[in-house]
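One structure below.
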Protein chains: 2
Amino acid sequence: MSLAEPLSSIDIKILAQLQKDASLSTTELADRVGLSQSPCWRRLQRLREDGIIKAEVALLDRHRLGPSVLIFAYLKMSPTPDDKRAEFLRKINATPEILECHALFGEKDIMLKVLAPSMEWYEGFIFNTLLKLPGVTDIQSSVTLTELKSTTALPLRGVMAL
Amino acid sequence: MSLAEPLSSIDIKILAQLQKDASLSTTELADRVGLSQSPCWRRLQRLREDGIIKAEVALLDRHRLGPSVLIFAYLKMSPTPDDKRAEFLRKINATPEILECHALFGEKDIMLKVLAPSMEWYEGFIFNTLLKLPGVTDIQSSVTLTELKSTTALPLRGVMAL
DNA sequence: TATGAAAAGATAATCCC
DNA sequence: GGGATTATCTTTTCATA
């Protein structure tokens with residue numbers, strides 16, 4: 001998959017900083033990782049080109065965007081032909097309220113992370129959207145109370161040679 | 001909580017763009033939302049100050065950082081005094097492999113999203129970390145197969161007055 | 001091969017209208 | 001909200017170790 005170079009400890013420092021704040025200037029970033037501007041900029045460039053940095057995005061505060069309920073939905077699926085499966089994925093990706101979709105080992109087949117505007121909306125979502133997805137035979141929902149921790153920063157402890 | 005102004009439809013366009021790509025220049029951003037540079041920059045500034053934009057971060061490709069297993073862990077908790085609860089949260093936040101922690105309605109009390117370097121690591125994590133967290137009485141783990149969708153972009157459809 | 005210094009270019013930030 | 005100016009940062013080039 002990757003013919004890329006192994007990550008140096010400086011690359012890892014750069015990634016650690018940018019996972020926290022991608023709006024840092026290369027000067028400031030260089031300072032923090034103990035490098036001068038241009039080598040720091042070149043490393044950053046390489047990390048973007050190699051796809052190790054997938055994207056730089058703004059994270060929004062959902063509580064400032066109005067009321068919402070975070071819900072995890074667990075789906076059971078019947079064995080499905082490939083084209084139906086593709087349609088399932090297409091609809092998942094076309095639904096902005098579905099933030100994540102994971103295929104699971106075990107009893108349940110799929111887990112969805114859903115950000116619903118309200119419980120009423122979610123009720124409609126179950127019947128009008130989820131149950132109409134191809135292959136879905138059963139839905140179980142788990143409503144969340146509080147988000148005690150939420151980070152997009154991946155652990156970089158043991159990361160070394162790729 | 002917020003004495004802030006309601007979000008205009010232009011603000012929402014700005015947020016939609018930045019959720020996808022926060023490395024846009026204000027010029028490019030202004031173009032896309034149909035505004036000129038300076039008013040666009042002022043709105044962006046306000047969205048940051050108001051905390052609607054919580055952060056701008058780099059998203060990394062976990063598969064390029066070496067092998068990893070994404071696991072959801074469900075905890076049952078005994079009723080716990082406040083100081084123990086604070087210690088629980090402190091340890092959750094101090095563990096970089098725990099990406100998310102949600103308090104749940106229903107049978108399970110807590111859900112953790114854990115990015116483990118390996119199954120072996122996770123086994124140790126259960127016994128050395130999770131089971132030693134104050135109040136934890138039971139753990140159930142769900143291993144994920146494939147990440148079919150994963151976005152940090154919140155839905156902005158119905159967002160209007162705050 | 002990687003760094004640092006410095007120039008050129010682009011962008012962010014501030015002004016006034 | 002728009003236009004023009006200044007300050008700052010990014011990106012390229014070049015010299016060096």
Side-chain angles (χ1 to χ4, degrees), chain A residues 1-61 64-65 152-153 156 159-162, chain B residues 2-61 64-66 152-153 156 159-162:
Chain A
M1 186 179 191
S2 70
L3 301 174
E5 304 283 300
L7 291 181
S8 70
S9 81
I10 289 184
D11 287 326
I12 290 167
K13 283 183 191 171
I14 291 175
L15 294 175
Q17 290 295 328
L18 293 180
Q19 282 196 121
K20 290 192 290 184
D21 185 358
S23 70
L24 286 175
S25 72
T26 51
T27 317
E28 175 63 21
L29 182 61
D31 261 14
R32 297 196 188 180
V33 303
L35 223 60
S36 73
Q37 264 182 350
S38 30
C40 181
W41 178 83
R42 278 188 294 256
R43 280 171 185 275
L44 176 52
Q45 210 56 10
R46 197 171 54 73
L47 291 168
R48 285 199 258 242
E49 282 163 12
D50 289 355
I52 293 167
I53 296 176
K54 278 196 299 186
E56 285 149 81
V57 302
L59 302 180
L60 309 187
D61 185 340
R64 299 262 172 127
L65 296 175
T152 56
L156 297 172
V159 179
M160 271 294 147
L162 292 189
Chain B
S2 69
L3 300 173
E5 303 283 301
L7 291 180
S8 70
S9 81
I10 289 184
D11 286 326
I12 290 168
K13 284 183 189 169
I14 291 175
L15 294 175
Q17 290 293 328
L18 294 179
Q19 283 196 122
K20 291 192 289 184
D21 185 358
S23 72
L24 286 175
S25 71
T26 51
T27 316
E28 175 63 22
L29 181 61
D31 261 14
R32 296 195 189 182
V33 303
L35 222 61
S36 73
Q37 268 179 350
S38 30
C40 181
W41 179 83
R42 278 190 295 255
R43 280 171 184 275
L44 176 52
Q45 210 57 10
R46 196 172 54 74
L47 291 168
R48 286 200 258 243
E49 282 162 13
D50 288 356
I52 293 167
I53 296 176
K54 279 197 299 187
E56 285 148 83
V57 302
L59 302 180
L60 309 188
D61 184 339
R64 298 261 171 129
L65 296 174
T152 56
L156 296 173
V159 178
M160 271 294 148
L162 289 189

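In what follows, every chain begins at residue 1, and chains take the letters A, B, ... in the order their sequences are listed.
- Rounded to a whole Å, the CD atom of Q45(B) is 18 Å from the P atom of dT11(C).
- Per the geometry, CD belonging to E28(A) stands 10 Å off P belonging to dT10(D), to the nearest Å.
- With hydrogens and angles ignored, a donor-acceptor pair closer than 3.5 Å exists between the side chain of S38(A) and the base of dG4(C).
- Computed from coordinates, the W41(B) CH2 to dG3(D) P distance equals 18 Å when rounded to whole Å.
- Going from atom CG of L24(A) over to atom C1' of dA12(C) covers 16 Å, rounded to whole Å.
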Task: Derivation of the side chain to side chain contact (heavy atoms under 4.5 Å, CB included) call for V57(A) and V57(B) - done: CA-CA 6 Å; V57(A) 302; V57(B) 302; 4.3 Å; yes
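- Rounded to a whole Å, the CZ atom of R43(A) is 18 Å from the P atom of dT10(D).
- Of all non-hydrogen atoms in L156(A) and L60(B), the two that sit nearest each other are CD2-CD1, 4.2 Å.
- D31(B) places its CG atom 14 Å from the C1' atom of dG2(D), with the value rounded to the nearest Å.
- Rounded to whole Å, the distance from CG on L47(B) to P on dA12(C) is 15 Å.
- Listed pair T27(A) / dC9(D) fails the phosphate criterion, with no side-chain N or O lying under 4.0 Å from OP1 or OP2.
- R32(B) CZ to K13(B) NZ: the interatomic distance, rounded to the nearest 0.5 Å, is 13.5 Å.
- Here the P atom of nucleotide dG1(D) and the CG atom of L29(B) are 13 Å apart, to the nearest Å.
- Comparing Q37(A) and R42(A) by the nucleotide of DNA chain C that holds the closest heavy atom to each, the one mapping nearer the 5' end is R42(A).
- Salt bridge annotation for D11(A)-R43(A): present, with a cationic side-chain nitrogen under 4.0 angstrom from a carboxylate oxygen.
- Taking every heavy atom of both residues into account, A58(A) and A22(B) meet most closely at N-CB, 3.6 Å.
- The S25(B) side chain lies nearest to dA12(C) when the options are dG1(D), dA12(C), dT3(C).
- Between dT11(C) and T26(B), no contact under 4.0 Å exists linking OP1 or OP2 to a side-chain N or O.
- Nearest-nucleotide positions on DNA chain D place P39(B) closer to the 5' end than the other of R48(A) and P39(B).
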